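Inspection log for the structure reproduced underneath, given as structure tokens.
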Amino acid sequence: MEGSWGIKHLANRLYSVPEELGFRSDETVYTNALLLCSKDAASIKKTALDSPIGSLENLIVKSMKFFEEVTLPLCKPDLIIAYSNGMNSHSAARLMLHHFGKDGKPEYVNQNRYYSTFCFTAHFKHFNVPVIGIRHMSRFKPDVQLIQKAWDLKRQQPAK
């Protein structure tokens, strides 16, 4: 909260949303699904091409492998909130759905352009985790009630 984040509402939302869902912010893991290799999202493809990784697709595959084999076993999450859910971009939710969402399509609890919120179950090697996809919190204020509704939907469904 004291860093050079620029606009403070993203930092505030990153702290407040988990707490409103019953988690402690000091026990919340914040990470990127897509490993960063560039100064910004617009230059990620070119930077990946110019690196030993060789392509954006290779970066995505390696990022998802790292997420599954390193990040998840270390934090053992009860819930993943992917706060970037565009289905036509390399959003966190789309990448996780494509790589770990074996059930197919996401289940929307709200399809409003501003409050678009959906859920799916991510199937990892050793466990399954509900994933809630919301709009990027740097530009969109999340509706915690919609996140809770999506999480409740996943908890009510029988494990596959």
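Every value quoted in this text rests on a predicted model; they were computed, and no experiment measured them.
Using a 4.5 Å cut-off on side-chain heavy atoms (C-beta onward), Asp143 and Asn110 make no contact. Arg13 is listed as a side-chain neighbour of Pro142, based on a closest heavy-atom distance under 4.5 Å. Looking only at side-chain heavy atoms (C-beta outward), Phe67 and Ile80 come within less than 4.5 Å of each other. Side-chain contact between Val29 and Leu74 is absent, with no heavy atoms from C-beta onward closer than 4.5 Å. Leu79 is listed as a side-chain neighbour of Phe23, based on a closest heavy-atom distance under 4.5 Å. Residues Phe100 and Met64 have side chains in contact (heavy-atom distance under 4.5 Å, counting atoms from C-beta outward). Two residues are said to be in side-chain contact when any heavy atoms from C-beta on lie closer than 4.5 Å; Ile60 and His99 meet this criterion.
Between the side chain of Asn58 and the main chain of Ile53, a donor-acceptor pair closer than 3.5 Å is present. Between the side chain of Tyr83 and the main chain of Ser138, no donor-acceptor pair closer than 3.5 Å is present. Judged purely by atom type and a 3.5 angstrom limit, Tyr30 uses its side chain to pair as donor or acceptor with the backbone of Leu14. In terms of modelled atom types and a separation under 3.5 Å, the side chain of Arg135 and the main chain of Phe140 share no donor-acceptor contact.
The two residues His136 and Ser84 make their nearest non-hydrogen contact at CD2-CB, 4.0 Å. Closest approach of Glu68 to Lys125, counting heavy atoms only: OE2-N, 2.9 Å. For the residue pair Ile147 and Leu21, the shortest heavy atom distance occurs at CG2-CD1, 3.7 Å.
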Derivation of the side-chain contact (heavy atoms from CB on, under 4.5 Å) call for Glu20 and Gln148
CA-CA 9 Å; Glu20 289 180 56; Gln148 185 69 56; over 6 Å; no

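Within a 6.0 Å radius of CD in Gln145, other residues, nucleotides and ligands contribute 12 heavy atoms or fewer.
Checked for salt-bridge contact, Asp152 and Arg155 meet the test: a charged N lies under 4.0 Å from a carboxylate O.
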